[in-house]
Amino acid sequence: MVLHTVKKVYYPSKVPPFAPQVVPYQGEGVTVRRQEVVGYNGDEAVALAVKQSKVDVVAAYPITPQTIIVERFSEYVADGEVDTEFVCLESEHSAASASIGASLTGARVFTATASQGLALMHEVLYTASGLRCPIVMAVANRALSAPLNIHNDRSDMMGSRDCGWIQIYAENSQEAYDWTIQAFKIAENTTVQLPVTVNFDGFVISHAMETINTLADEDVTGFLPSRKPIFTIDPEHPVTVGSLFLQEYYFEIKRQQEEALQKSAEVVDQVAKEYCALSGREYGILETCGMEDAEAAILCMGSTAGTARSVMRKMRAEGKKVGLIKLWLYRPFPVEEIISALGNVKALAIMDMALSFGAPVGALCSDIATILQLRGNNLKIFDVIYGLGGRDIRPAEIEGIFNEALSVAQTGIVKESVKYVGVRE
Amino acid sequence: MVLSLKELSSEELYAPGHRLCAGCGPSISARMALKGSRGPLVVSNATGCIEVSTTVFPYTAWRVPWVHSLFENAAATATGMEAGFKALTKKGLPNKHIDVIALGGDGGTFDIGLQALSGALERGQDFVYICYDNEAYMNTGIQRSGGTPLGAATTTSPAGKKIPGKQEYKKDLLGICIAHNIKYAATASIGFPNDYITKVRKGIEVEGPAMIHVLAPCPLGWRSEPSNTIKLAKLAVQTTIFPLYEVENGKYKLTMKIKNPIPVEEYLKLQGRFSHLFRPEFKNVLEAIRQGAKERWERILGLCGESS
Amino acid sequence: MTEDEKPLGERMKLPWRQMPIGGTAFQPGSSTEYKTGDWRIIKKPVIDHKRCIMCLLCWIFCPDVSITRSPDQVEIDYYHCKGCGICSAECPVRCISMVEE
């Protein structure tokens, strides 16, 4: 089994917990391109990445907290800085549908959404992946109604997690910028040909100003040449797309699609390596911190990792052997990489920022429990449901989770398989 | 300009061997639409009878690029196609203009796809939307739609002992489209191919959105003889139930003058879906249909500057 | 029957790795291969060419693209004709009759 790049952040990390890595990379044999440091929020960073990726068509529809992306992009259009066809649709459903139509012409396509918008797109998401359209979509993760809430959790993407898209989670604005550029290269790879979502936490990332390193336009162009589609709706070679597939044919198409999605992890890994050579920023399937000797660990995604890393530093100073696994790639689920990253850890807390109503545990925990069972691994785990509707997860709470995991590691007893953190009891 | 049949290309962009019913009106509407094409084109097709029956994998009746994505998004998918071609043309690929045609049934247009259509018309997308109207959800087994006329029996508006079929008039789809101030909008009937095909061509030639609402009888759902499909398509016009007119740059024009309208019963009695209306207790519905047709006809005549 | 002689529908029952990406159909107009002529129940249309005036109405009205057109004649394609009878009903000189098969 091939294991893909797992970035290890060695403890103690020189990188301050919340700040992006602005220090130019000095890796061996790597010439990193010169970059400009700018102050952007996550949405603006994504808009810049889309501009630099020379996207042919942007299909837009506003929704908080994604809106800044399309607002900023429309400024690029209005100022003549891009050649992109910018179409403001009348709903997210239509934005996603137009993305499919445009993608089939051979164009590079971007759209963005969040929350209800993603839910409205739900059926279109399946069509985009089923028709193998390499669309890139930014999702500024936000809670789902009702009751109405515009703030961050991941109910939106978790509700559509089976839609056949590659799903990446970014920790901060820098990662949102970097992953957006990489996402086009991953999606458009001829062996992949699948849509990609770049997820980042609404407001926490989308609206928070950070310093980010940005590549020069020509460097992005060099990294990401024009799309080379494997087929298009060209009148000279007419194709029929979206036929009726009856019982004798449908299953094979879905099996093929699943294989493409599972195999896409290799491409994600390869693209991350190439991107590292350009930017000096290491990406891959997942990131670990302190897992070499950790007894208890947290597995999380997105901005939570930043808080967890800072808590780790404090706890490590107190001699507590805690570790962290942060997933970048959520779909396809990186089974081998996670199993390998777990090392000798004895207890693992899984951080679910979404409820999976009526399920035994949250979605992420469910995946982890499954892979542990499949590997005959008896690691003690418990699920943490947190952060719903933008409820902050505080360092003290993360410390509590680490301590709980340490206690489970010591006693071997999981008191609560699902722990709600941050809710008033 | 009216295209004559002899001028039309004998090249068939729409192939035989599809699985639509014998005597299918929508099938005729799709084939005729392609006869109005002027060059390279792509089709965005909403879910429906035509979509399902012409593309039973691995077979396809289409010799032009054809895309089906979902039910309600034919206009949005067409929007994306147009934007994609536009963007690629800026880069020199493709090097020719490609026309975009969207096809949807009455369910996919009057009802579930109306929002996407309205959006595309408002944005001024350069495409032709053709709504082939067979007046119910035939693909799912004849359920009422916003396009189903008053009194018609469908499986969700059955002719019961008390309620005689659909209780509402047909939605004025073209009126809605015209209200978007698009450059070209027209009704058509497959019974009058020259008129229909000419209108499709006009719609294609207009820069910006064009809307064609074409009546396409369905023998299955209308419970009519398959051989009567064209006859019904003509009668709908000749009885003034379905007036043929066009609106070009805001100017209304009646494209089929009806001097002596045929009584609506002649149209209704050939269709099983209206048979219950000939029972004495439902005479009032028959009268309402007659009255509704008369009012619509007079309104359209007025808009077209014609006198009755 | 060799592999090539099998109908397209059979030939395309492929292992999943060999199926066309995204279920795209790459053979335009392939439905032509599919026989719908056996849908005819009782009658088939027959053209009396002597009386035909080549108005092309049967050609344009055929829902099944089953009337082919050459410069001086129209012919019925019985491989696809479903026997709906529209051509016969609409012929202005009544030169197409529906004949029992």
Side-chain angles (χ1 to χ4, degrees), chain A residues 54-59 61 82-109 111 121 123-124 126-128 130-131 133 135 226-227 229 231-246 248-250 252-253, chain B residues 13 19 37 39-45 47 51-91 93-94 96 98-100 102 113 115-123 125:
Chain A
K54 294 197 172 160
V55 173
D56 297 309
V57 175
V58 171
Y61 188 81
V82 288
D83 280 338
T84 311
E85 279 297 312
F86 180 73
V87 194
C88 292
L89 280 296
E90 81 297 330
S91 75
E92 287 93 350
H93 193 286
S94 284
S97 300
S99 298
I100 291 176
S103 187
L104 288 168
T105 66
R108 175 170 291 158
V109 185
T111 186
M121 282 182 182
E123 64 161 349
V124 196
Y126 284 73
T127 309
L131 297 180
C133 295
I135 300 158
S226 290
R227 183 183 159 201
F231 74 90
T232 65
I233 45 169
D234 173 9
E236 286 182 19
H237 307 280
V239 291
T240 293
V241 178
S243 295
L244 170 69
F245 272 65
L246 294 174
E248 297 95 337
Y249 308 100
Y250 181 85
E252 280 71 26
I253 291 297
Chain B
L13 299 174
R19 322 282 176 94
S37 65
L41 77 137
V42 295
V43 175
S44 161
N45 203 157
T47 309
E51 171 268 319
V52 167
S53 306
T54 59
T55 63
V56 185
F57 186 84
Y59 300 99
T60 173
W62 299 89
R63 293 191 178 113
V64 294
W66 178 97
V67 176
H68 159 247
S69 128
L70 290 161
F71 197 178
E72 65 276 60
N73 68 357
T77 308
T79 295
M81 291 171 168
E82 189 218 338
F85 288 135
K86 243 190 209 164
L88 294 172
T89 304
K90 285 181 200 164
K91 296 180 179 172
L93 286 167
K96 55 190 174 293
I98 297 171
D99 294 319
V100 180
Q115 175 184 315
L117 173 62
S118 171
L121 298 182
E122 181 273 330
R123 288 188 302 270
Q125 306 297 152

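All chains are named by letter (A, B, ...) in the order of the sequence lines, taking the proteins before the strands, and each is independently numbered beginning at 1.
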May I ask you to say whether Glu82(B) pairs ionically with Arg123(B), meaning some side-chain N is under 4.0 Å from a carboxylate O? no

Report the option among Trp62(B), Tyr59(B), Phe85(B) that has the most heavy-atom pairs separated by less than 4.5 Å from atoms of chain A. Phe85(B)

Of the backbone (N, CA, C, O) and the side chain (C-beta and beyond), which part of Val124(A) lies under 4.5 Å from a heavy atom of chain B, both, or neither? both

Are the charged groups of Asp56(A) and Lys91(B) less than 4.0 angstrom apart, N to O? yes

Heavy-atom distances under 4.5 Å only: say whether Ser226(A) touches chain B with side chain, backbone, both or neither. side chain

If you count heavy-atom pairs under 4.5 Å with chain B, which of Val87(A), Val57(A), Thr232(A), Thr240(A) comes out on top? Thr240(A)

Heavy-atom distance under 4.5 Å to chain B: side chain of Glu236(A), backbone, both or neither? side chain

Please answer whether the main-chain N or O of Gly242(A) pairs with a side-chain N or O of His68(B) as donor and acceptor at a distance below 3.5 Å. yes

Do side-chain atoms of Lys86(B) reach the backbone of Glu85(A) as a donor and acceptor pair under 3.5 angstrom? no

Side-chain donor or acceptor of Thr84(A) paired with backbone N/O of Val55(A) under 3.5 Å: yes

Heavy-atom contact with chain A under 4.5 Å, split by part of Glu122(B): neither

Looking at chain B, which one of Leu246(A), Asp234(A), Ile100(A) has the largest number of heavy-atom pairs inside 4.5 Å, strictly under? Asp234(A)

Interface moiety of Ser44(B) toward chain A, non-hydrogen atoms closer than 4.5 Å: neither

May I ask you to test the Leu13(B)-Ser37(B) pair for a side-chain heavy-atom distance under 4.5 Å? yes

Interface check, chain A: of Ala75(B), Ala116(B), Pro40(B), Ala78(B), most non-hydrogen pairs under 4.5 Å belong to Ala116(B)

Counting heavy-atom pairs under 4.5 Å with chain B, which one of Ser243(A), Ser94(A), Ala107(A), Gly130(A) comes out on top? Ser243(A)

Determine the option with the most heavy-atom pairs under 4.5 angstrom with chain B, choosing from Ser99(A), Ala59(A), Cys88(A), Ala96(A). Cys88(A)

Any donor-acceptor N/O pair, Arg227(A) side chain to Ser103(A) backbone, under 3.5 Å: yes

Heavy-atom cut-off 4.5 Å, strictly under: side chain, backbone, both or neither for Leu104(A) against chain B? side chain

Using side-chain heavy atoms (C-beta onward) and a distance below 4.5 Å, is Gln115(B) in contact with Glu90(A)? yes

Of the listed residues (Pro65(B), Ala87(B), Ala83(B), Ala76(B)), which shares the most heavy-atom pairs with chain A below a 4.5 Å separation? Pro65(B)

When the ring planes of Tyr249(A) and Phe57(B) are compared, do they come out parallel, tilted or perpendicular, using 30° and 60° as the limits? perpendicular

For Leu41(B), is it the side chain, the backbone, both or neither that has a heavy atom under 4.5 Å from a heavy atom of chain A? backbone

Proximity breakdown for Val42(B) and chain A, heavy-atom pairs closer than 4.5 Å: side chain

Is it the backbone or the side chain of Thr127(A) that comes under 4.5 Å from a heavy atom of chain B, or both, or neither? side chain

Could you check whether any side-chain heavy atom of Phe245(A) comes within less than 4.5 Å of a side-chain heavy atom of Ile253(A), counting everything from C-beta outward? yes

